[in-house]
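Worksheet: the structure to be examined is printed underneath.
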Amino acid sequence: MTVAETISELTREHLQKNNGLALGQCLTAVGWVGGTVPQMREEDGLVELPATDVAGSGFAVGVALAGRRPIYIVRYQGFQWYNAVSVVNYAAKSKHIWGRPCPVFVRSIAMDGGIGPVASGSHHSMFTRMPGIPVVAPMTPNEYRAIWHHFLSHDDPMYVSEHRRSFSIDYEMQDSIGEADVTLFAISSTRLNALQAKKILEEQHIPCNIIHLLWLKPFIVEQRMLSALNLSRFGGLVIDGDFENGVLKHVAYDLMRSSKAEIEVLGLEDRVAGFAPELDNLPPSPDRIVAKVIDIINKKRA
């Protein structure tokens, strides 16, 4: 099964068996949100929200407080700048302040470019800044099942940073750990670019490890990460499709503190995107990753 088929199946089961609800804008439009929404009706639990861009999260929080465990679907991750308020300032704090859990499953869907300065891109860093809500970035079917079951077995809200590039993936991604020059720690869609970069680098006789990151918050430095760094001569590089002044530097800091290795970061350029294709601000491409790795090695050798 692909990631899209997995999400659709889990959603259908939740609505039919768990008394759940799925809420969002344009869910029944052409494509059913990239094939991730089952073809169901409102009486089945699939709720079309008004196109307000600011009120949807409030509806979802209300549903969670009523005990329905909603799936709240935001089609473009950049819209979280409008939709985050009720999730981070109520759902994430409700259990701590009032002892009343508010489990909302936020499906936040990223897309690389093509939609202008607000809607496109990944913006999970803003959610990692807030207490009370775990943040994940699944890219494979089994990863999605794992985070879904975590949500069902806990009572916290969860921010799921999805990416449209993952929807067609029907395989799992394995870490690569061995003697290497640099270890790549990749997040979300940049995992695909990092895999391509690794092939290019190895053709140039530059061996690289790669660690696929799923959990962004809490971010736990695991032994597999330390093993990869211990086997890397020139440290590591954390890669993401969000801006560098966010979760990228947080992850890099924790890795450096635990391993003593030098870690650099590579994310979106620090500039505003526009509506024309040439003005897009895109995640690091394979070529940009390759250039950064070579720069790291050259600086260390100098």
Side-chain angles (χ1 to χ4, degrees), residues 1-24 27 32-40 44-47 49 56-57 59-61 63-75 77 80 83-84 87-88 91-92 94-95 101-110 122 124 127-128 130 132-174 187-189 191 212-220 222 247:
M1 293 179 67
T2 65
V3 169
E5 291 167 340
T6 299
I7 298 171
S8 181
E9 178 187 74
L10 293 172
T11 302
R12 181 182 295 277
E13 181 179 86
H14 186 54
L15 271 54
Q16 291 179 336
K17 298 181 180 180
N18 300 337
N19 193 35
L21 285 178
L23 308 92
L27 302 184
W32 298 82
V33 193
T36 63
V37 174
Q39 297 186 24
M40 302 173 74
D44 301 319
L46 194 67
V47 180
L49 295 177
S57 60
F59 294 131
V61 166
V63 168
L65 292 173
R68 298 291 296 273
R69 279 192 179 259
I71 300 171
Y72 176 45
I73 303 166
V74 180
R75 294 175 301 125
Q77 194 164 137
Q80 293 297 350
N83 288 284
V87 176
V88 298
S94 180
K95 184 170 69 172
C102 188
V104 182
F105 188 82
V106 182
R107 284 190 54 202
S108 188
I109 305 173
S122 295
H124 34 235
F127 276 79
T128 62
M130 300 302 293
I133 180 168
V135 178
V136 291
M139 285 290 289
T140 73
N142 284 347
E143 288 178 352
Y144 209 99
R145 292 188 187 95
I147 60 101
W148 174 250
H149 292 308
H150 178 93
F151 170 73
L152 290 182
S153 61
H154 295 75
D155 59 8
D156 297 312
M158 174 176 275
Y159 182 81
V160 185
S161 180
E162 297 179 17
H163 201 287
R164 287 182 184 270
R165 289 182 68 189
S166 76
F167 289 169
S168 62
I169 291 176
D170 61 359
Y171 55 89
E172 298 304 310
M173 298 183 187
Q174 304 299 324
I187 299 168
S188 189
S189 69
R191 291 163 64 174
H212 297 281
L213 299 181
L214 168 62
W215 282 85
L216 306 184
K217 181 187 176 182
F219 176 69
I220 299 173
E222 300 173 355
V247 70

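Just so you know, these numbers come straight off a predicted model, no measurement behind them. Note that the numbering runs from 1 along the sequence shown for the chain.
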Exercise. Does the His163 side chain pair with the main chain of Arg165, one donor and one acceptor, at a distance under 3.5 Å?
Worked result: yes
For this session: List the steps, then state whether side-chain contact (heavy atoms from CB on, under 4.5 Å) holds for Arg107 with Ile7.
Result: CA-CA 10 Å; Arg107 284 190 54 202; Ile7 298 171; 3.6 Å; yes
Exercise. Taking the side chain as C-beta and beyond, is there a heavy-atom pair between Val3 and Glu162 under 4.5 Å?
Worked result: no
For this session: Kindly indicate, with the supporting measurements, whether the criterion side-chain contact (heavy atoms from CB on, under 4.5 Å) is fulfilled by Trp148 and Val160.
Result: CA-CA 9 Å; Trp148 174 250; Val160 185; over 6 Å; no
Exercise. Out of curiosity, Phe59 CZ to Leu23 CG, how far, rounded to the nearest 0.5 Å?
Worked result: 9.0 Å
Problem set entry | Shortest non-hydrogen separation from Ser8 to Gly35 and the atoms involved | CB-O, 3.8 Å
For this session: Please report the shortest heavy-atom distance between Val61 and Ala91, naming the atom on each side.
Result: CG2-CB, 4.0 Å
Problem set entry | Interatomic spacing from OG1 in Thr6 to OH in Tyr144 - rounded to 0.5 Å | 9.5 Å
Exercise. Going through the distances and angles, do Tyr72 and Ser57 end up as a side chain to side chain donor-acceptor pair (under 3.5 Å)?
Worked result: CA-CA 7 Å; Tyr72 176 45; Ser57 60; 4.9 Å; no
Exercise. Mind checking whether Pro157 and Val106 have side chains closer than 4.5 Å, heavy atoms only?
Worked result: no
Problem set entry | Distance, nearest 0.5 Å, that separates CD of Gln174 from NE2 of His212 | 7.5 Å
For this session: Determine, stepwise, if the pair Glu172 / Thr140 fulfils side chain to side chain donor-acceptor pair (under 3.5 Å).
Result: CA-CA 6 Å; Glu172 298 304 310; Thr140 73; 2.6 Å; yes
Problem set entry | Parallel, tilted or perpendicular: ring planes of Tyr159 versus Phe127, cut at 30 and 60 degrees | parallel
For this session: Quick one: closest heavy-atom pair of Leu65 and Pro101, and the distance?
Result: CD2-O, 4.2 Å
For this session: Mind checking the CD-CG spacing from Gln77 to Asn83? Nearest 0.5 Å is all I need.
Result: 11.5 Å
Problem set entry | Closest non-hydrogen atom pair between Met139 and Ser166, with its separation | SD-CB, 3.5 Å
For this session: Decide yes or no for Ile73 and Ile109: does some side-chain heavy atom of the first lie under 4.5 Å from some side-chain heavy atom of the second?
Result: yes
Problem set entry | Interatomic spacing from CD1 in Ile147 to CG in Leu152 - rounded to 0.5 Å | 9.5 Å
Seminar exercise, completed: Shortest non-hydrogen pair, Ile187 vs Ala137, comes out as CG2-CB, 4.2 Å
For this session: List for me each residue that meets side chain to side chain contact (heavy atoms under 4.5 Å, CB included) alongside Arg68, sequence neighbours excluded, and say none if there are none.
Result: Asn19, Leu21, Val63
Seminar exercise, completed: Output for pair (Ser108 OG, Gln80 CD), nearest 0.5 Å, gives 3.5 Å
Exercise. Does any N or O in the side chain of Arg69 come within less than 3.5 Å of the main-chain N or O of Phe151, such that one atom is a donor and the other an acceptor?
Worked result: yes
For this session: Taking the side chain as every heavy atom from C-beta outward, state whether Asp170 and Glu5 have any atom pair closer than 4.5 Å.
Result: no
Exercise. What closest approach, in Å, do Val87 and Ile133 show between heavy atoms, and which atom pair accounts for it?
Worked result: CG1-CD1, 3.7 Å
For this session: Could you check if a side-chain atom of Thr36 sits within less than 4.5 angstrom of a side-chain atom of Phe167, using non-hydrogen atoms only?
Result: yes
Problem set entry | Non-hydrogen side-chain atoms of Asp156 and Pro134 separated by less than 4.5 Å | yes
